[in-house]
2 protein chains.
Amino acid sequence: MQPKRSDRRRPSVRPAARAAPRPGRARPGEEANRRGEIVRAAARLFREKGFDGTTVRDIARAVGMRSGSPFYHFETKQDILLAVMEEGLAAGLEATEAVLAAKLPPREKFRALVRAHLEILLDEGHDFIPVLLYDWRSLTRENRAKIVALKDRYDAVWQQVVRELRRAGLLHTDSPLARLLVLGAINFMATWYRRDGALGLDEIADQTVDFFLGPAKR
Amino acid sequence: MQPKRSDRRRPSVRPAARAAPRPGRARPGEEANRRGEIVRAAARLFREKGFDGTTVRDIARAVGMRSGSPFYHFETKQDILLAVMEEGLAAGLEATEAVLAAKLPPREKFRALVRAHLEILLDEGHDFIPVLLYDWRSLTRENRAKIVALKDRYDAVWQQVVRELRRAGLLHTDSPLARLLVLGAINFMATWYRRDGALGLDEIADQTVDFFLGPAKR
DNA sequence: CCTACCGATCGGTAGG
DNA sequence: CCTACCGATCGGTAGG
């Protein structure tokens, strides 16, 4: 006997009263909207239970659809995963490149970059990047290549800022390893951060900057 | 149609010639041995494909058993996961506490700790800790509690060394966040490290120590 | 987007 | 530890 992953209902019984969103037919024009809902719901579920631990039925239920209906919007479950990662990376990349564009001094630029990354990594409703980080293995080879291309741009932004920190004498190296250590330390926060914990995102950002660059001089 | 995860064979046909280890009955006395083989094979598979992405049949095949036979050694698949994590943590803890016991100066102690951790995190045949880090979510609540207890001891060792670094003036903080940043940066290496890459474990250890503490003075 | 369904696979078990 | 098997579930599809 397998452990049950979800409540089982008789197939012929319509789910009458439950907390989930409205089932039914989409009104014309809100189709793209529904697609976005699926992506967001899937991101949250993938983050919590992993890609393999989440069923298409879970996703359908979360947006108030019947079990087969997500396939009206996506051809395969894998395509949903790709959409989650692509949309998350695109949004993150936009925020990140905006930080680069704002001509801040190195330390402030680093702080802004860390803060922006913490938001998409840890804040409520931003489940895309954690899924990217922790469900990497579930991507097909072809989809992995697409994601890598986006991720490379992300890394380039960080490498650029690390270089500026080095030039300003705030770091003593700007090697790729330095970037990997900084980003790794931050990305690993997705493992231990609790939204109800002692530190907020602003405090974590400040202390992280201080840790890597040394306390700010005045 | 689902994508096939493995070759399918007619159930009545014995697998005659294949590369995997000998099928057949265990000789008396090597039972504990077989259990260990299962744990090691499972660790490797879990690391590659995740807990949910690995089937008991995969594990059985990897050690040359038929599909139901792992259940002679373990009650459930979950128990295999627990064994992987427990045995990995126990071994890591032993190596780690040995570093603490050897009375090295702070910088050398840190370096030895990093090096020991890199070994169990990245080296061939050490798949336990990566599984622990990346399949956390698949543990039941009760098993998670058991693992947390072991992990706390591990963290305590690192916190102790961070404290010594601070006292020696090599770090300017010994907060828990400092420990989380250092360990996170290192643990995240499991994501990007390639055994055929440019840097070996010794070089990574040296450069990591230099990054966090500043280059060694002479 | 629902209904109704399929083939494949999965974790696990009885009995030897 | 193998043989033979079960019930449940899963991703996906045809047809409306």
Side-chain angles (χ1 to χ4, degrees), chain A residues 1-16 20-35 37-38 42 45 49-61 63-81 138 140, chain B residues 1-16 20-35 37-38 42 45 49-61 63-81 138 140:
Chain A
M1 183 99 82
Q2 298 198 67
K4 291 183 181 180
R5 280 199 179 130
S6 52
D7 292 327
R8 210 113 149 113
R9 296 169 198 274
R10 314 290 301 287
S12 53
V13 176
R14 306 286 296 267
R22 69 247 133 87
R25 196 167 298 266
R27 292 210 312 266
E30 65 176 76
E31 213 172 285
N33 214 2
R34 290 298 267 162
R35 200 192 123 103
E37 285 178 48
I38 290 173
L45 289 164
K49 312 197 287 181
F51 177 72
D52 284 319
T54 301
T55 70
V56 174
R57 284 161 172 80
D58 291 333
I59 299 170
R61 195 182 318 115
V63 296
M65 288 176 177
R66 315 304 296 255
S67 70
S69 300
F71 294 105
Y72 172 74
H73 297 275
F74 294 92
E75 273 196 31
T76 64
K77 188 187 174 192
Q78 171 77 205
D79 287 341
I80 302 180
L81 180 63
S138 296
T140 60
Chain B
M1 185 96 85
Q2 298 197 67
K4 291 185 180 178
R5 279 198 179 129
S6 52
D7 292 328
R8 218 117 138 118
R9 295 169 198 276
R10 315 287 301 289
S12 52
V13 176
R14 305 285 297 264
R22 68 249 134 84
R25 196 167 299 267
R27 293 210 312 267
E30 65 177 76
E31 213 172 284
N33 214 2
R34 290 298 266 161
R35 199 193 124 105
E37 286 178 47
I38 291 173
L45 290 164
K49 312 197 288 181
F51 177 72
D52 285 319
T54 302
T55 70
V56 173
R57 283 162 173 81
D58 291 333
I59 300 169
R61 193 181 320 115
V63 296
M65 289 177 177
R66 314 304 297 254
S67 69
S69 300
F71 294 105
Y72 172 75
H73 297 274
F74 294 91
E75 274 195 31
T76 65
K77 188 187 174 192
Q78 172 75 209
D79 287 342
I80 302 180
L81 179 63
S138 297
T140 60

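Order of the sequence lines sets the chain letters (A, B, ...), proteins ahead of strands, with each chain counted from 1.
- As a whole-Å value, the separation of Gln78(B) CD from dC10(C) C1' is 16 Å.
- Met65(B) has its CE atom 4 Å from the P atom of dC1(D), to the nearest Å.
- dC1(C) atom C1' lies 7 Å from atom NE2 of His73(A), rounded to whole Å.
- Atom CZ in Phe51(A) sits about 12 Å away from atom C1' in dC10(D), given to the nearest Å.
- Contact check for Met65(A) versus Glu37(A): no side-chain heavy atoms found under the 4.5 Å cut-off.
- Searching all strands for a Watson-Crick or G-U wobble partner of dC6(D) with both distances below 3.5 Å returns dG11(C).
- Across all their heavy atoms, Asp52(A) and Lys49(B) have their closest contact at OD2-O, 4.1 Å.
- Straight-line distance from the CG atom of Asp52(A) to the C1' atom of dT9(D): 14 Å, rounded to whole Å.
- Closest non-hydrogen pair, Ile38(B) versus Pro70(B), comes out as CD1-CA, 4.3 Å.
- Counting all heavy atoms, side chain and backbone alike, Gln78(B) lies closest to Ser138(B) at NE2-O, 3.1 Å.
- When the P atom of dG11(D) is taken as reference, atom CG of Leu81(A) falls 13 Å away, rounded to whole Å.
- Across the protein-nucleic acid pair, Ile38(A) atom CD1 and dG12(D) atom P stand 14 Å apart, rounded to whole Å.
- In a base pair of the Watson-Crick type (N1 to N3 plus N6-O4 or O6-N4) or a G-U wobble (N1-O2 and O6-N3), with each distance short of 3.5 Å, dG16(D) is matched with dC1(C).
- With dC10(D), dG12(C), dC1(D) as the candidates, the nucleotide lying closest to the side chain of Arg57(A) is dC10(D).
- As a whole-Å value, the separation of Arg61(A) CZ from dC1(C) P is 17 Å.
- Nearer to the 5' terminus of DNA chain C, by closest-nucleotide assignment, is the contact made by Ser69(A) (compared with the other of Lys77(B) and Ser69(A)).
- Checking dC10(C), dC2(D), dG12(C) against every side-chain atom of Thr55(B), the shortest atom distance belongs to dC10(C).
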